[in-house]
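Input: a single structure, listed below in structure tokens.
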Protein chains: 2
Amino acid sequence: MVDQSIKVAVDAVVFGYSNNELKILLIQQKYGETKDQWALPGGFVKDSESLDEAVQRELREETGVKATYLEQLYTFGNPKRDSRFRVVSIAYIALINPKNSQLEASTDAKDAKWFDVKSLPKLAYDHQTIISVGLERLKAKINYQPIGFDLLATYFPFSDLENLYQTILDKKIDRRNFRKKILSFNILEETDKISQAGSGRPAKLFKFNLTNYKRLEKQGFHFEIKLV
Amino acid sequence: MVDQSIKVAVDAVVFGYSNNELKILLIQQKYGETKDQWALPGGFVKDSESLDEAVQRELREETGVKATYLEQLYTFGNPKRDSRFRVVSIAYIALINPKNSQLEASTDAKDAKWFDVKSLPKLAYDHQTIISVGLERLKAKINYQPIGFDLLATYFPFSDLENLYQTILDKKIDRRNFRKKILSFNILEETDKISQAGSGRPAKLFKFNLTNYKRLEKQGFHFEIKLV
DNA sequence: ACAAAAGTGTTTTACATACACCCATGG
DNA sequence: CCATGGGTGTATGTAAAACACTTTTGT
């Protein structure tokens with residue numbers, strides 16, 4: 001048959017957004033050589049499950065969250081990336097609204113926590129590389145897919161979207177032009193809800209109109225906003 | 001340790017362009033259940049080699065060609081994609097100028113041939129799916145990366161580039177606007193060579209200026225031509 | 001009354017699009 | 001001289017970019 005002893009794993013770069021910060025979900029290893037080190041949630045694929053299923057399962061087991069958006073990112077297969085034995089890892093990016101899903105004390109990991117992208121701890125394996133690739137993908141993606149909405153609450157003030165873009169792209173955006181552009185797509189619904197003002201004028205809350213987005217997409221509409 | 005019996009393979013969708021046709025390189029299986037069926041070049045990864053190395057090796061062994069451009073495409077891991085046992089395959093796309101590289105009678109495959117994308121034979125495994133994903137990627141890519149030049153000869157008339165785009169995108173393009181746009185990038189060098197005219201006026205031959213392209217890229221230049 | 005964030009239009013500029021005739025060669 | 005593909009410029013439309021003041025609330 002085939003003479004090969006490579007193991008297959010999946011890892012997920014889970015993005016969240018809260019308090020004007022872009023966050024990544026990390027777990028602390030419970031066992032083994034890398035015990036106590038922080039790492040991406042993930043693990044070995046079972047013989048009978050698909051790759052996507054494996055990611056969702058590991059996320060559930062290690063952190064208790066369920067991704068609303070999941071996309072294959074890249075496969076990392078350097079022979080030396082794991083010192084124990086050879087592991088090929090199929091990495092994913094996932095999006096979650098941290099406020100909608102509580103982290104659970106998990107059985108498989110010692111701890112699970114959100115970290116600001118700008119101050120990540122030292123990571124096990126090549127997980128720092130995986131995160132860099134994931135971040136790049138997120139930055140590119142946000143320009144031509146309305147993935148931003150997966151990171152926000154159901155009802156949100158427009159400024160949340162603005163801040164999200166500014167945080168991810170690490171860049172100032174012209175508020176008027178941005179708003180004009182996004183609203184012109186007709187994929188946002190203005191609701192009659194109002195944000196409870198902290199300070200300053202209270203804001204109307206918006207809601208992503210998925211139905212309309214899907215309809216428009218079928219008609220050949222492409223979400224695109226140039227901010228690179 | 002890890003209880004898993006999954007094998008890891010690589011497959012390549014190798015694109016070529018000749019006679020105004022977009023081609024894909026396929027091999028005919030020599031042994032096993034799928035003997036005589038056409039399939040993508042590829043095979044199992046060796047324990048000690050990286051994924052990229054595995055692709056290049058398989059390409060060499062099965063077809064004799066060397067890709068000038070190689071990029072990871074997607075990883076296919078459906079548990080049922082191979083009927084013998086579970087195989088996770090990391091698919092790549094590769095670009096080649098068919099005229100620059102002769103197909104070799106190979107040891108590992110019964111036959112290797114270029115097929116017009118528009119008339120592919122029935123393929124083994126899920127290779128038809130892999131090709132579809134690869135084609136989509138190529139179509140997207142050609143709009144924002146000058147990969148077209150990897151498919152053309154070193155010296156080529158401008159019309160070759162036009163035709164390449166029209167063939168890949170399966171779409172008419174305005175000759176004047178296209179030429180204007182591409183030339184405005186300053187990544188083509190006009191040479192003093194002239195095409196030996198078949199019929200009609202002979203054409204100046206151009207040459208891709210890689211040095212200039214890399215320099216411009218560093219300065220923040222993005223190749224982009226909207227033809228989707 | 002002031003601090004803080006929300007909300008809103010117009011002008012300028014650049015790029016995409018549409019479009020048709022002459023040129024150089026071979027047969 | 002005719003058929004074939006090569007080479008070229010302008011006018012128009014559309015979308016991006018630049019830009020600052022007024023409104024509403026809490027303190």
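Proteins come first, then strands; the chains are lettered A, B, ... in the order of their sequence lines, and each starts at number 1.
Going from atom CD of A:Gln196 over to atom P of C:dA6 covers 13 Å, rounded to whole Å. Spacing between atom CD1 of B:Ile173 and atom C1' of C:dA16 amounts to 14 Å, rounded to whole angstrom units. Rounded to whole Å, the distance from CZ on B:Phe156 to P on D:dG6 is 13 Å. When rounded to the nearest whole Å, the span between CZ of B:Phe178 and P of D:dG6 equals 13 Å. At whole-Å resolution of the value, CG in B:Asn177 and C1' in D:dG13 are 13 Å apart. Look at CG on A:Asn20: it is 13 Å from C1' on C:dA5, rounded to the nearest Å. Distance A:His222 NE2 to D:dA15 C1': 17 Å, rounded to the nearest Å.
The list of salt bridge (Lys or Arg N to Asp or Glu O under 4.0 Å) pairs with a residue in residues 217-228 of chain A, not counting sequence neighbours, is empty. Among pairs with a residue in residues 198-215 of chain B, those fulfilling salt bridge (Lys or Arg N to Asp or Glu O under 4.0 Å) read B:Glu190-B:Lys204, at least two apart in sequence or across chains. The salt bridge (Lys or Arg N to Asp or Glu O under 4.0 Å) analysis of residues 18-29 of chain B, with sequence neighbours excluded, yields the pairs B:Glu21-B:Lys23.
The residues B:Arg57 and B:Glu61 are annotated as salt-bridged, a charged nitrogen and a carboxylate oxygen being separated by less than 4.0 angstrom.
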Its contact letters, B for base, S for sugar-phosphate only and - for none at protein heavy atoms under 4.0 Å, make nucleotides 22-27 of chain C read -BBS--
For residues 129-137 of chain A, tabulate all N or O donor-acceptor pairs below 3.5 Å that involve a side-chain atom, not counting sequence neighbours.
residue	atom	partner	partner atom	Å
A:Ser132	OG	A:Gln128	O	3.1
A:Arg137	NE	A:Glu71	OE2	2.9
A:Arg137	NH1	A:Leu73	O	3.1
A:Arg137	NH2	A:Glu71	OE2	3.3
A:Arg137	NH2	A:Gln72	O	2.9
A:Arg137	NH2	A:Leu73	O	3.4

Show which side-chain atoms of residues 167-177 of chain B pair as donor or acceptor with protein atoms under 3.5 Å away, not counting sequence neighbours.
residue	atom	partner	partner atom	Å
B:Thr167	OG1	B:Asn163	O	2.7
B:Lys171	NZ	B:Leu227	O	2.7
B:Lys171	NZ	B:Val228	O	3.2
B:Asp174	OD1	B:Arg176	N	3.0
B:Asp174	OD1	B:Asn177	N	2.9
B:Asn177	OD1	B:Lys180	NZ	3.3

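For the segment residues 179-195 of chain A, residues with any heavy atom less than 4.0 angstrom from an atom of DNA chain C are, sorted by number, A:Arg179, A:Lys180. A heavy atom closer than 4.0 Å to some atom of DNA chain C occurs in no member of residues 157-169 of chain B.
Summary of the strand contacts: B:Ala203 and A:Asp174 both lie near DNA chain D, and taking for each the nucleotide with the nearest heavy atom, the more 5' one is attributed to B:Ala203.
For A:Phe156, the ring pair (Phe, Tyr, Trp, His ring centres under 6.0 Å) criterion is met by A:Phe149, not counting sequence neighbours. Applying the side-chain hydrogen bond (donor to acceptor under 3.5 Å, both in side chains) test to B:Gln166 and every residue at least two apart in sequence or in another chain returns nothing. Take B:Phe15 and apply the ring pair (Phe, Tyr, Trp, His ring centres under 6.0 Å) test, not counting sequence neighbours, and it matches no residue. Residues that satisfy the side-chain contact (heavy atoms from CB on, under 4.5 Å) test with B:Ala124, not counting sequence neighbours, are B:Thr34, B:Gln37, B:Ala39.
Between A:Lys226 and C:dA14 there is no side-chain N or O to OP1 or OP2 distance below 4.0 Å.
The cationic group of B:Arg179 lies under 6.0 Å from the six-membered ring centre of B:Phe158 and within 45° of the ring axis, placing it in a cation-pi geometry.
No donor-acceptor contact under 3.5 Å links the side chain of A:Arg176 to the base of C:dA6.
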